[in-house]
> 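To start, I am sharing the structure in question, which I have written as structure tokens.
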Amino acid sequence: MAHSLKSSTEAARPNRPDLSTDAIRSTKEDLAACFRMAARNGFEEGICNHFSAVVPGHEDLFIVNPYGYAFRELTASKLLVCDFNGTVIDGDGEPEATAFYIHAEIHRRLPRARVAFHTHMPYATALSMTEGAPLIWAGQTALKFYGRTAVDENYNGLALDHREGARIAAAAGDADIVFLKHHGVLVLAPTVSEAWDDLYYLERAAEVQVLAMSTGREVLPVAPEIAEAAYRQMREGDPQSARAHLAAIRRQLDAEEPQYRH
């Protein structure tokens with residue numbers, strides 16, 4: 001299912017940027033932690049899913065996982081730095097083709113989306129396959145995403161050219177969560193910690209909705225005015241909560257899988 005991009009390498013670039021800064025290293029470690037914890041939670045699908053982040057200090061470069069690795073194998077040093085043309089600036093290997101064509105266009109067209117997580121995690125993906133709006137706004141956790149979602153209705157097969165990424169970016173608009181019909185989900189955020197927090201709670205919200213729907217009983221949405229008020233309560237202080245969430249998973253990994261840092 002996964003496709004190699006066959007990107008060019010950086011060897012001939014005369015003005016290679018300094019990619020050894022503390023900010024870049026920290027971003028790579030945060031991403032590596034998210035890959036590892038996503039694997040623990042069953043959010044990945046084989047070697048097909050991908051996370052990316054704009055390189056701190058370099059708006060035309062992004063960090064992404066290399067083709068051929070499962071999330072649980074990834075470490076900070078295995079991650080690639082690419083430009084928007086598919087050239088690998090730093091790291092060994094190349095990005096998976098759909099990773100490049102989705103993430104390059106997202107970061108190029110949506111500067112607010114400094115981080116983009118794409119998965120086929122099962123419960124959220126299941127809701128992308130159903131009729132109507134994916135989330136019913138019936139569960140408290142779902143209300144974190146009230147008014148923050150969009151749907152790309154125009155599934156067109158694998159994202160193997162720039163048109164697919166451009167269409168997805170257009171469908172995203174101002175949304176932070178994009179349900180890709182018949183495909184999966186995309187989480188957009190200004191920081192790695194906020195992307196992780198949204199990814200985690202999105203799948204939890206989708207899971208309890210699928211369980212509620214499976215009872216065969218009517219799933220009752222929260223009244224819109226209450227949903228809006230709860231959303232505002234949840235979003236207040238969300239960046240701080242997200243940072244604490246990421247710090248918690250890094251403490252767990254430091255104790256149990258410290259190699260993710262390397």
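Note: hydrogens, waters and symmetry copies are ignored here, and every other heavy atom, side chains too, is used. Numbers here simply count residues along the sequence, with the first being 1.
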> If I compare all heavy atoms of Ala169 with all of Glu105, which pair ends up nearest, and what's the gap?
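Reported closest heavy-atom pair: CB-O, 4.3 Å.
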
> Does the ring centre of His245 sit less than 6.0 Å away from the ring centre of Tyr201?
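For Tyr201 and His245, the ring centres are under 6.0 Å apart.
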
> Looking at Lys144 and Asp198, is there a salt bridge between them, counting it only when a charged N and a carboxylate O are closer than 4.0 Å?
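Lys144 and Asp198: salt-bridged.
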
> Any donor-acceptor pair under 3.5 Å linking the side-chain atoms of Asn85 with those of Thr87?
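Result is no, nothing qualifies.
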
> Taking the side chain from Gln259 and the backbone from Thr75, do they hold a donor-acceptor pair closer than 3.5 Å?
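Between the backbone of Thr75 and the side chain of Gln259 there is no qualifying donor-acceptor contact (under 3.5 Å).
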
> Is the ring centre of Phe100 less than 6.0 Å from the ring centre of His162?
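Yes, ring centres under 6.0 Å apart.
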
> As a test of understanding, state which of Asp152, Thr119, Ile106 forms a side-chain contact (heavy atoms from CB on, under 4.5 Å) with Leu186.
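Result for side-chain contact (heavy atoms from CB on, under 4.5 Å) with Leu186: Ile106.
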
> Output, in order, the C-alpha distance, side-chain angles, deciding distance and verdict of side-chain contact (heavy atoms from CB on, under 4.5 Å) for His107 and Leu61.
CA-CA 9 Å; His107 293 309; Leu61 304 176; over 6 Å; no

> Should we count CZ of Arg112 as having more than 12 external heavy atoms under 6.0 Å?
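Buried by this count: over 12 neighbours within 6.0 Å.
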
> I need the Gln209 CD to Leu135 CG distance, nearest 0.5 Å.
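One finds 5.5 Å between CD of Gln209 and CG of Leu135.
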
> Would Glu96 and Ile47 satisfy side-chain contact (heavy atoms from CB on, under 4.5 Å), going step by step from the backbone distance to the final call?
CA-CA 9 Å; Glu96 198 268 335; Ile47 58 171; over 6 Å; no

> Strictly below 4.0 Å, N to O, side chains only: are Glu236 and Arg232 in salt-bridge contact?
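Here Glu236 does not pair with Arg232 in a salt bridge, since their nearest N and O are not under 4.0 Å apart.
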
> Angle class for the Phe35/Phe51 ring planes (parallel below 30°, perpendicular above 60°, tilted otherwise)?
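Rings of Phe35 and Phe51: parallel, under 30°.
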
> List the steps, then state whether side-chain contact (heavy atoms from CB on, under 4.5 Å) holds for Arg40 with Glu257.
CA-CA 11 Å; Arg40 288 190 178 199; Glu257 298 181 53; 2.8 Å; yes

> Got more than 12 heavy atoms from elsewhere within 6.0 Å of CZ, Phe84?
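It does: Phe84 CZ has more than 12 such atoms within range.
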
> Compute the ring centroids of Phe117 and Trp196, then answer whether they are less than 6.0 Å apart.
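Not close enough - the centres of the two rings lie 6.0 Å or further apart.
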
> Do the side chains of Arg148 and Asp174 get close enough for a salt bridge, i.e. N-O under 4.0 angstrom?
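No.
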
> With no hydrogens and no angle check, is any side-chain donor or acceptor of Glu203 less than 3.5 Å from a backbone partner on Tyr123?
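Here the side-chain-to-backbone pair exists.
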
> Could you check whether any side-chain N or O of Arg72 sits under 3.5 Å from a backbone N or O of Arg36, counting only pairs where one atom can act as donor and the other as acceptor?
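No, Arg72 side chain to Arg36 backbone: no donor-acceptor pair under 3.5 Å.
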
> Is the backbone N or O of Gly237 less than 3.5 Å from a side-chain atom of Ser241, with the two atoms forming a donor-acceptor pair by type?
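No, the answer is negative, given that no donor and acceptor are paired below the 3.5 Å cut-off.
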
> Could you walk me through whether Arg251 and Asp254 pass salt bridge (charged side-chain N to carboxylate O under 4.0 Å, His left out), step by step?
CA-CA 5 Å; Arg251 286 193 299 272; Asp254 286 344; over 6 Å; no

> OG/Ser128 to NE2/His120 distance, rounded to the nearest 0.5 angstrom?
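The NE2 atom of His120 is 9.0 Å from OG of Ser128, to the nearest 0.5 Å.
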
> Check this for me, if you would: do Asp90 and Lys28 make a salt bridge, where the nitrogen-to-carboxylate-oxygen distance has to be below 4.0 angstrom?
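Salt bridge flag = yes for Lys28 with Asp90.
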
> Could you grab the distance from atom CD of Glu44 to atom CG of Leu74, nearest 0.5 Å is fine?
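Atom-to-atom, Glu44:CD and Leu74:CG are 10.0 Å apart.
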
> Leu180 and Val185: side-chain contact (heavy atoms from CB on, under 4.5 Å), yes or no, with the steps?
CA-CA 5 Å; Leu180 309 174; Val185 292; 6.0 Å; no

